[in-house]
Amino acid sequence: MVEITTRGESVQVDVRGLHKLLAFKGSFELPAAAVKSARRMDAKEVWSMWKGFRIPGTHLPGVIAAGTFYKNGEKHFWDVRNAARAIEIELSGAGYDRLYVEVEDPEATLLTLNASRSLH
């Protein structure tokens, strides 16, 4: 699971618990202006889509997707185990093109991200 917080001009992404090992990533920061869109995903969509080439990361279909994946010329970060709490964040000008992450409260996280976007 991931915790996302906003701090002024930045968005902090913190990977929690064992997921740090599975995703090969602990935390990273993005410019708030890089967030183009954020939306809720449904479980079927999460598990049915091809993730791409995993470098490095963990992928057990239907169980967990965590780490960095390359797909169609884009760099994606995944950390999803409970697909019912998954969101997609589309980025521009950041280290990743898209984040697919599980968060504790998807609706509150989307409100936070969208409020941060509206300030830029």
Side-chain angles (χ1 to χ4, degrees):
M1 180 179 312
V2 167
E3 181 179 338
I4 296 175
T5 55
T6 57
R7 294 184 197 148
E9 299 290 317
S10 67
V11 175
Q12 181 70 32
V13 179
D14 293 307
V15 182
R16 297 292 183 201
L18 180 63
H19 289 235
K20 289 179 187 180
L21 294 173
L22 299 172
F24 290 86
K25 195 120 183 128
S27 65
F28 52 97
E29 193 171 312
L30 306 164
V35 177
K36 288 175 55 178
S37 67
R39 70 177 184 90
R40 186 100 186 242
M41 299 177 74
D42 66 50
K44 183 178 179 182
E45 177 185 16
V46 169
W47 297 126
S48 67
M49 71 188 297
W50 180 61
K51 310 299 182 272
F53 297 102
R54 180 182 69 243
I55 307 172
T58 305
H59 184 220
L60 297 169
V63 178
I64 189 167
T68 301
F69 292 74
Y70 293 88
K71 178 180 175 184
N72 300 329
E74 291 186 342
K75 184 178 177 184
H76 300 173
F77 178 78
W78 279 85
D79 186 19
V80 177
R81 183 165 173 246
N82 181 348
R85 297 190 304 205
I87 63 172
E88 175 189 14
I89 304 167
E90 184 179 2
L91 303 167
S92 176
Y96 291 97
D97 297 293
R98 294 178 193 276
L99 308 180
Y100 298 95
V101 293
E102 171 192 346
V103 294
E104 182 70 35
D105 186 342
E107 298 307 323
T109 302
L110 291 173
L111 285 172
T112 299
L113 287 170
N114 287 322
S116 173
R117 281 184 43 225
S118 68
L119 297 175
H120 299 94

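Only heavy atoms go into these numbers, but all of them, side chains included; no hydrogens, no water, no symmetry mates.
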*Residues forming a salt bridge (Lys or Arg N to Asp or Glu O under 4.0 Å) with Glu90, sequence neighbours excluded*: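 Partners of Glu90 under the salt bridge (Lys or Arg N to Asp or Glu O under 4.0 Å) test: Lys36, Arg98.
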[X] versus [Y], closest heavy-atom pair with distance:
| X | Y | value |
| --- | --- | --- |
| His76 | Glu74 | NE2-OE1, 2.8 Å |
| Ala32 | Gly8 | CB-O, 4.3 Å |
| Gly95 | Lys75 | O-CD, 3.3 Å |
| Ala84 | Pro106 | O-CG, 4.5 Å |

Any residue meeting side chain to side chain contact (heavy atoms under 4.5 Å, CB included) with [X], in chain and number order, not counting sequence neighbours:
| X | value |
| --- | --- |
| Asp105 | Glu107, Ala108 |
| Pro56 | Phe24, Thr68 |
| Thr109 | Ile4, Ile87, Val103, Leu113 |

*Quick one: are Phe69 and Tyr100 in side-chain contact, heavy atoms under 4.5 Å?*
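The answer is no, as the side chains (C-beta and beyond) never meet within the 4.5 Å cut-off.
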_Residue pair Val13 / Tyr96, side-chain heavy-atom distance below 4.5 Å_ =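 Not in contact.
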*Taking Asp42 for its side chain and Lys44 for its backbone only, find out whether a donor-acceptor pair lies under 3.5 Å.*
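Flag set: sc Asp42 to bb Lys44 pair under 3.5 Å.
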*Say whether, by atom type as modelled, one donor and one acceptor occur between the side chain of Arg39 and the main chain of Leu110 under 3.5 angstrom.*
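Judged by distance alone, no pair lies under 3.5 Å.
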Hydrophobic clustering (ILVMFWY, side-chain heavy atoms < 4.5 Å, transitive) - are [Y] and [X] grouped together?
| X | Y | result |
| --- | --- | --- |
| Leu30 | Ile89 | yes |
| Met1 | Leu18 | no |
| Val63 | Val80 | no |

*Hey, which of Asn114, Leu91, Thr6 is the one that makes side-chain contact (heavy atoms from CB on, under 4.5 Å) with Val35?*
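Exactly one candidate clears the test, Leu91.
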*Quick one: hydrophobic cluster around Tyr70, which other residues, with the 4.5 Å side-chain cut-off, linked directly or via members?*
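Its cluster partners, ordered by chain and number, are Ile55.
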*Could you note down all residue pairs passing salt bridge (charged side-chain N to carboxylate O under 4.0 Å, His left out) where residues 15-35 supplies at least one of them, sequence neighbours left out?*
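For residues 15-35, and leaving out neighbouring residues, the salt bridge (charged side-chain N to carboxylate O under 4.0 Å, His left out) pairs sorted by first residue read Glu3-Arg16.
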*With sequence neighbours left out, write down each residue that passes side-chain hydrogen bond (donor to acceptor under 3.5 Å, both in side chains) with Asp14, or none if nothing qualifies.*
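Scan of Asp14 (side-chain hydrogen bond (donor to acceptor under 3.5 Å, both in side chains), adjacent residues dropped) gives Gln12.
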*Please, which pairs that meet side-chain hydrogen bond (donor to acceptor under 3.5 Å, both in side chains) have at least one residue in residues 77-86, sequence neighbours excluded?*
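side-chain hydrogen bond (donor to acceptor under 3.5 Å, both in side chains) check on residues 77-86 returns His19-Asp79, Arg85-Glu102.
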*Please collect all side-chain hydrogen bond (donor to acceptor under 3.5 Å, both in side chains) contacts where either partner lies in residues 47-63, sequence neighbours excluded, each pair once.*
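As it turns out, there is no side-chain hydrogen bond (donor to acceptor under 3.5 Å, both in side chains) pair with a partner in residues 47-63 once direct neighbours are skipped.
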